[in-house]
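See below for the structure under consideration.
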Amino acid sequence: MPLLREAQRNGAKVVVIDPRRTLTARSADLHIAPKPATDAALALGMMHVLFRDNLHDAAWLDANTIGWSGLRDRAMAWSPERAADETGVPAAQIEELARLYATTKPAMLKLADGINRHLSGDQTSRTLMCLPAIAGQIGQRGGGLFYSQSGHIRWNFEAVSHASDCPVPKRAVNMNRLGSALKGEGADPPIMALYVFGANPATSAPNSNLIREGLLRSDLFTVVHEQFMTDTARFADIVLPATTQLEQTDLIKPYGHQHLQYNQPAIAPLGEAKSNWTVMKLLAEAMGFDEPWLRQSSDEVIEEVLTATAKTNPRLAGITLADLQARGTIPYAPDPDNEVPFADGVFPTPSGKLEIYSAQLVSEDHDPLPDYVHS
């Protein structure tokens, strides 16, 4: 937020799109308050203005995308007036926002998790992701789309999982279908035990009513490792007290910046609280597993993961556990080959282009173009 304030003082315009007038919204230059879950309709109304007034970057779209003309045809059916009826945002404000976004170079579109956590969140996300392409904001320093920075660092899989030391898992259950699985769908043999940590599926996973039905099974043994008596913890047979970040050692990669952080505990764990790693070590010992890596300290785990990942990721060049412990926070090393994402026009898709029209979705019997789905 201090950096955002500094940018505003230097002339940057901050627009917050949120149904609520949050603290962030109150400090913005422009607050747009659509009805919940109508963001895709707002985006299509903006696209209508961009195409109608020739504010789109046709040359970039021709060279770097697939299917943009189909999206143009769809957007032309979404006049600002129609978008206003659906979103509750005045048509004049939609026009103002569209022109501001298209004529400000660079402009960054920042998405957060709430966008995709409602009915047809996939289409909402796809529609919003197309806005920077249409406005010619992709491949520019400071422009484009920003969801998370976490992908800059992907921990070495073997160091994190010790997969080569572990038996192959018998099965995996998609958390998005946890309720159905607990109720028996595709679960053979049935799920008889559930251990929950770092999650609150009774409120955060889809179809919470079905999840609650599953958690109410009398033959399901549920353990929840938590700091609070969450909705999920209320269904548990056993609740294990968990430490907070103030009480545990941790290695933290960011969502919203480019600094690696070492979390030094400020106090000893209170009461009987234990970290995830400590509980896993105790369980391993109680179950008779004697692999050395299951006995490592938190710092030993962090050093192993950090060292293994740095071998293939230049952003971690020169960053060691000792440095992190001494400094607390260290910025990633610059990556000269990827300073501006997609500046080379190469995208991680089958075609190598930004696929506004997705042939893969056609093969899966889904709409190949982004759209607004009324909820």
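Owing to the predicted nature of the structure, the values given are computational and were not obtained by experimental measurement.
If you chain together ILVMFWY residues whose side-chain heavy atoms come under 4.5 Å of each other, L4 ends up grouped with M1, V14, V16.
Residues that satisfy the side chain to side chain donor-acceptor pair (under 3.5 Å) test with E96, not counting sequence neighbours, are absent from this structure. In this view, D53 and R99 satisfy the side chain to side chain donor-acceptor pair (under 3.5 Å) rule, not counting sequence neighbours.
Between atom SG of residue C130 and atom CZ of residue R72 there is a gap of 14.0 Å, rounded to the nearest 0.5 Å. Here OG1 of T309 is found 9.5 Å from CD of E304. Values are rounded to the nearest 0.5 Å. Distance check: W78 CH2 to I94 CD1 gives 9.5 Å after rounding to the nearest 0.5 Å. The CE atom of M46 lies 8.5 Å from the CG atom of L100; values are rounded to the nearest 0.5 Å.
Using a distance-only test at 3.5 Å, with no hydrogens or angles considered, no donor-acceptor pair links the side chain of N174 to the main chain of A181. Side chain of W277 to main chain of T249: no donor-acceptor pair is present (N/O by atom type, distance under 3.5 Å, no hydrogens or angles). Side-chain atoms of E86 do not come within 3.5 Å of backbone N or O of Y372 as any donor-acceptor pair.
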Please tabulate, one pair per line, all N/O donor-acceptor pairs under 3.5 Å involving side-chain atoms of residues 185-197, not counting sequence neighbours.
residue : atom : partner : partner atom : Å
E185    : OE1  : R177    : NH2          : 3.0
E185    : OE2  : R177    : NE           : 3.0
E185    : OE2  : R177    : NH2          : 2.7

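With contacts defined as side-chain heavy-atom distances shorter than 4.5 Å, the pair T87/I32 does not qualify.
Sorted by first then second residue, the side chain to side chain donor-acceptor pair (under 3.5 Å) pairs that include residues 264-274, not counting sequence neighbours, number zero. The list of salt bridge (charged side-chain N to carboxylate O under 4.0 Å, His left out) pairs with a residue in residues 119-146, not counting sequence neighbours, reads R141-E339.
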